[in-house]
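Everything on this sheet refers to the single structure shown next.
Every chain is numbered from 1, with letters handed out A, B, ... down the list of sequences.
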Number of protein chains: 2
Amino acid sequence: MNLKDLSALLGLSQTTVSRALNGYPEVSEATRQRVAAAAEKYSYRPNTRAKSLATGRSMAIGHVIPISAQHEMVNPVFGDFIAGAGEAYAAAGYDMVLSLVQDSHEERVYRDMFAKGNVDGIVVHAPEMHDPRIALLQDIGLPFAVHGRASDVPTPYNWLDVNNKSAFQRATGFLLDLGHKRIGLLNGLETMDFAHRRRAGYVEALQTRGIAVDKALMRSEEMTENYGYQAVCEMMKLPDPPTAYLVSSMIPAIGIRRAIHDAGLKMGQDISVITHDDDLSYLRNGDDVPLFTATRSSVREAGRQLARILIDQISNPGKVPQTKLFEAELTVGRSTGPNVGAR
Amino acid sequence: MNLKDLSALLGLSQTTVSRALNGYPEVSEATRQRVAAAAEKYSYRPNTRAKSLATGRSMAIGHVIPISAQHEMVNPVFGDFIAGAGEAYAAAGYDMVLSLVQDSHEERVYRDMFAKGNVDGIVVHAPEMHDPRIALLQDIGLPFAVHGRASDVPTPYNWLDVNNKSAFQRATGFLLDLGHKRIGLLNGLETMDFAHRRRAGYVEALQTRGIAVDKALMRSEEMTENYGYQAVCEMMKLPDPPTAYLVSSMIPAIGIRRAIHDAGLKMGQDISVITHDDDLSYLRNGDDVPLFTATRSSVREAGRQLARILIDQISNPGKVPQTKLFEAELTVGRSTGPNVGAR
DNA sequence: GTGAAAGCGCTAACAA
DNA sequence: TTGTTAGCGCTTTCAC
């Protein structure tokens, strides 16, 4: 069932039927009713391709998801973010098209998306400090919004981010309050904007308290489970090992647990660890100290909001870019002691 | 830069240019060279919408991802599956469009996808025992492939699945070999096909050894962390509690760990647990017993293969449906004792 | 308030 | 081997 068939059935022109369906004012109320009824009855769905060819808008948003080159893995938070974004798109009548790439900088991917005309806008994931994609997209004039930020990019653009710096500042402060003086930082790759900011928060918290920053206690690598395991194992062997760890998400927590276990220590007793995990409400009665930089549901909400920002930008091309900063939750569990593992 | 511009530039008709670009045989080699060079030079990209309007094929595959209604969460394995599928699509020139729905049975979603003509095929995720979507898709004539199976659906269709039954049979057998007689099963919702099969494997293993199947030791719910925690806590309070647990993935392992910890027991010492987790190669020197029903990389490979099957089906509409069964890996770690926790 | 006709960018008969 | 033409299904001037 296409427009032609439907209008023939109604004894109207395609024009009128199209207008009736798209809410144009010049069509009479009676006609609109008839058309709507018929469309419903025959469950008419306008062909997206034809529509977008005619209008020039594709009613689709592209997400370019970077895949870790070495480890070929997808960051699990994308799932939740995408779910939120998908909701917003569905509500606004947009489709979501996904493109997974090894090297997210592949200029071609973005240029092609634009040239092939199958998206009206793009969500940029996992930005680096000076991410070239932003200038690129501005250059080719494709609307976009960034999940995160690229701190070294001076021009304004749409972004939505979690306040990574303050989250890590507070978390470090919390460990310092417990009396810890040697705190291991397990961070992601610090070319990534979020990791850079997290480190800044950690460093600033230490400096504020006059604690020396020890490079031996700071690691920055791709967030694999094995990295977490190895890093903790190695730090444990230092002459003066950390008494606490601050673990950047999403480094899988299980590697940390195991390393601590291997060292013959008990988490939350011999050693303090602040990490991230989802749905840990009952942890509040446990002995861990979880840091929620972003819960699953808040990531979802972020997806929703960023999608809305982008859709808004597409609808109002002239509008000034919007930004949104989420303050990360820091939820603290009951520790086995007030001063766990601190010397 | 569109076909018209490009052909004008070359002093050729749109037809010739189109043919040259699409590898039709009748165009002369010299012309083809010229056209290719020009297309490259001006980085011409045919407009996907126009192309698919003309051809009737949209060169896109739809993935309809169910979201847990109660918990609004996305199964993290989708990320890896999608990554694999994305690879295959990219290689074949297809786009991937994602649609996240609360109720995956929403017939409308599928019908609309077809009617709106923006996908040439669909991947069905998370099938239930008698999943109505299969009949629906066959009815509307939209090519599809299922990630998993719907055992109660008799007609042939494309699917790719992990051998869930044998995996759980072997895992249960392994625990029985250790001497366990009371094995708790934490399963997903058994309306889901994979969970049903897993249970069947568990039950069959017990029956083969003449061990009574105790309903009190079998749980089936949505795979949240809290469910895992609660279920284990409750089973622990039984007069004759399990000495081992078999945990269906992706029930977050952390809930299980905590419940066992709360009960004052030590995993791999007082109690045996077979669960699933990724990238646990070093676990082989640990005290856990991991069951790999599907590693992250094998999920990825599954995505790749299922995508290929679907693309093949789209290209050869008459072809008989293809199926593929992956045998799950069962990797066993070193236990602290040969007979951990068994009575 | 409604309709005829052109055109979005491409492909695919049909001619030449 | 190349070009002419019609049309994919829709929107959108423009005319009535």
What I want to check is whether the side chains of [X] and [Y] have a donor and an acceptor closer together than 3.5 Å.
X	Y	result
Asp95(A)	Asn118(B)	yes
Thr15(A)	Ser18(A)	no
Ser58(B)	Asp120(B)	yes
Thr55(B)	Ser52(B)	no

> 5' to 3' on DNA chain C, which nucleotides open and close the contacts with chain A (atom under 4.0 Å from a heavy atom)?
Replying inline: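 On DNA chain C, the outermost contacted nucleotides are dG1(C) to dG9(C).
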>> Defining pairs by Watson-Crick or G-U wobble geometry with both distances under 3.5 Å, how would you list the stems of DNA chain D with at least three pairs each?
In response: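 Stems (3+ consecutive pairs) listed as C:1-16 with D:1-16.
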> Name the one of Gln322(A), Gln313(A), Lys324(A) that satisfies side-chain hydrogen bond (donor to acceptor under 3.5 Å, both in side chains) with Asn158(A)?
Replying inline: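 Only match with Asn158(A) under side-chain hydrogen bond (donor to acceptor under 3.5 Å, both in side chains): Gln313(A).
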>> Each nucleotide in nucleotides 10-16 of chain D should get exactly one letter: B, S or -. Can you fill that in based on protein heavy atoms under 4.0 Å?
In response: BBBBB--
>> Before you tell me yes or no, could you show the steps for Ile314(B) and Ile61(B) under side-chain contact (heavy atoms from CB on, under 4.5 Å), namely the whole-Å CA-CA distance, both residues' side-chain angles and the distance that decides it to 0.1 Å?
In response: CA-CA 10 Å; Ile314(B) 290 167; Ile61(B) 308 283; 3.4 Å; yes
> What do you reckon, is CZ of Arg57(A) surrounded by more than 12 foreign heavy atoms closer than 6.0 Å?
Replying inline: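 Counting neighbours around CZ of Arg57(A), 12 or fewer heavy atoms of other residues, nucleotides or ligands fall under 6.0 Å, so no.
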>> Classify Thr31(B) by what it touches in the nucleic acid, base, sugar-phosphate, or nothing, heavy-atom distance under 4.0 Å.
In response: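 Thr31(B): backbone/sugar contact only, no base atoms under 4.0 Å.
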> Just by distance, do the side chain of Ser7(A) and the backbone of Leu3(A) share a donor-acceptor pair under 3.5 Å?
Replying inline: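 Here the side-chain-to-backbone pair exists.
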> Is a side-chain donor or acceptor of Arg34(B) paired with a backbone partner of Leu10(B) at a separation under 3.5 angstrom?
Replying inline: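 Yes, because the side chain of Arg34(B) sits within donor-acceptor range (under 3.5 Å) of the backbone of Leu10(B).
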> Do the ring centers of His147(A) and Phe78(A) come within less than 6.0 Å of each other?
Replying inline: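 No; Phe78(A) has its ring centre 6.0 Å or more from that of His147(A).
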